[in-house]
Amino acid sequence: MTGPIVHLAGVSKRYGDVPALRSADLLIERGEMLAIVGPSGSGKSTMLNIMGTLDRPTSGTLRIDGYDVGALGDRELSALRARTIGFVFQQFHLARGVPAIDIVADGLLYSGKPRAHRRQAAERALRRVGLGHRMLHLQHQLSGGEQQRVAIARAVLGDPPLLMADEPTGNLDSGSGTIVMELLRELHEGGTTVVVITHDRDIAASLPREVRLKDGRVEHDTAAPRVGEVGRIESTARSVPPATKEAS
Ligand SMILES: Nc1ncnc2c1ncn2[C@@H]1O[C@H](COP(=O)(O)OP(=O)(O)OP(=O)(O)O)[C@@H](O)[C@H]1O
Ligand SMILES: [Mg+2]
């Protein structure tokens, strides 16, 4: 597959009378790693939620993996999301009283795969984040950094090409934060496109690209402007909806 993995063109989002995002343009190529930064309330989470197809824009066009998201129904959209995007949030959202391996395995609940297969995949994912020795620990028995790594294991379980993280180190001490960032970098080196919202200037500066939001607008983007991008986007647009693979 070629063409950008994410393309926002003139995307706006209003919540009532709050313009959370104003005519934002953003093009993310496959395999990029970038930081989204900006003051509190500048629209970072809004942008991430829209890119992650968790929320629909009020106006403008969003393409994910070549698909025009606005043209997809809810079912097609959740199939595209399940296949393409992994999420890591600041709050880990881990189920209580459930061993790490099943927290991760439940990420494949709607894949139609049998439980044994889901658990094997979860085991591999937990090893990948360095938690092979914590498979049976419950949420409250894991440190904050470990919980965030479980969340990452769950996000990368189906090998999504696109990983989005909203303040993944926001609740962690600097040591755990470093481990989590190293993990995200490794995934990027393995070919995953990684988008990270961060308040941490050092983290942002250490990434290959920085997109700065202010008052819902893209104020600065360290990526060079791309010539002829509109024509290229049109030529890479897909018209056939993705196959639904969810069991439910
Ligand atoms: N569901 C909502 N309903 C109403 N207003 C909202 C909603 N979600 C976000 N907003 C508003 O939209 C603006 C952008 O919010 P957003 O959460 O995207 O900011 P942010 O850049 O992620 O901030 P932070 O760094 O504090 O997480 C804010 O002014 C916020 O109050
Ligand atoms: Mg936010």
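When a residue number appears, it is its place in the shown sequence, counting from 1. For ligands, and for the atoms within them, numbers begin at 1 and follow the listed sequence.
- Looking only at side-chain heavy atoms (C-beta outward), V11 and K13 stay at 4.5 Å or farther from each other.
- For S206 and R185, the side-chain atoms include at least one donor-acceptor pair closer than 3.5 Å.
- Two residues are said to be in side-chain contact when any heavy atoms from C-beta on lie closer than 4.5 Å; R56 and D74 meet this criterion.
- The single protein non-hydrogen atom nearest to atom 30 (C) of ligand 1 is V18 CG1, 4.8 Å, given as residue, atom name and distance.
- Atom 14 (C) of ligand 1 has G41 O, 3.4 Å as its closest protein atom, hydrogens excluded (heavy atom only).
- Which parts of ligand 1 touch H199 is read off a 4.0 Å heavy-atom cut-off, strictly below it: atoms 25 (O).
- Side-chain contact between H7 and L26 is absent, with no heavy atoms from C-beta onward closer than 4.5 Å.
- The atoms of ligand 1 that sit less than 4.0 Å from any heavy atom of P39 are 21 (O).
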What do the steps show when you test V37 against V211 for side chain to side chain contact (heavy atoms under 4.5 Å, CB included), and what is the final call? CA-CA 6 Å; V37 300; V211 172; over 6 Å; no

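- In the vicinity of T46, heavy-atom distances shorter than 4.0 Å reach the ligand 1 atoms 14 (C), 15 (O), 16 (P), 18 (O).
- Taking 4.0 Å as the cut-off, E167 does not count as a neighbour of ligand 1 on heavy-atom distance.
- Closest to atom 12 (O) of ligand 1, if we only count protein heavy atoms, is A20 CB, 3.3 Å.
- The protein atom (non-hydrogen) at minimum distance from atom 8 (N) of ligand 1 is Y15 CE1, 3.3 Å.
- For H220 and E210, the side-chain atoms include no donor-acceptor pair closer than 3.5 Å.
- Of all protein heavy atoms, the one closest to atom 25 (O) of ligand 1 is K44 NZ, 2.7 Å.
- A salt bridge does not link R212 with D221: none of the charged nitrogens is closer than 4.0 Å to a carboxylate oxygen.
- N49 and T46 are not linked by any side-chain donor-acceptor pair at a separation below 3.5 angstrom, with hydrogens and angles left out of the test.
- A donor-acceptor contact under 3.5 angstrom links the side chains of R81 and T53, judged on distance only.
- When S42, S40, P19 are ranked by how near their heavy atoms come to atom 24 (P) of ligand 1, first place goes to S40.
- For the pair G43 and ligand 1, a heavy-atom separation below 4.0 Å is found.
- Put simply, atom 21 (O) of ligand 1 has protein non-hydrogen atoms near it, under 4.0 Å away.
- Taking backbone and side chain together, S45 holds an N, O or S atom under 2.8 Å from the Mg ion (ligand 2).
- Taking each of G38, S45, G170 in turn, the one with a heavy atom nearest to atom 27 (O) of ligand 1 proves to be S45.
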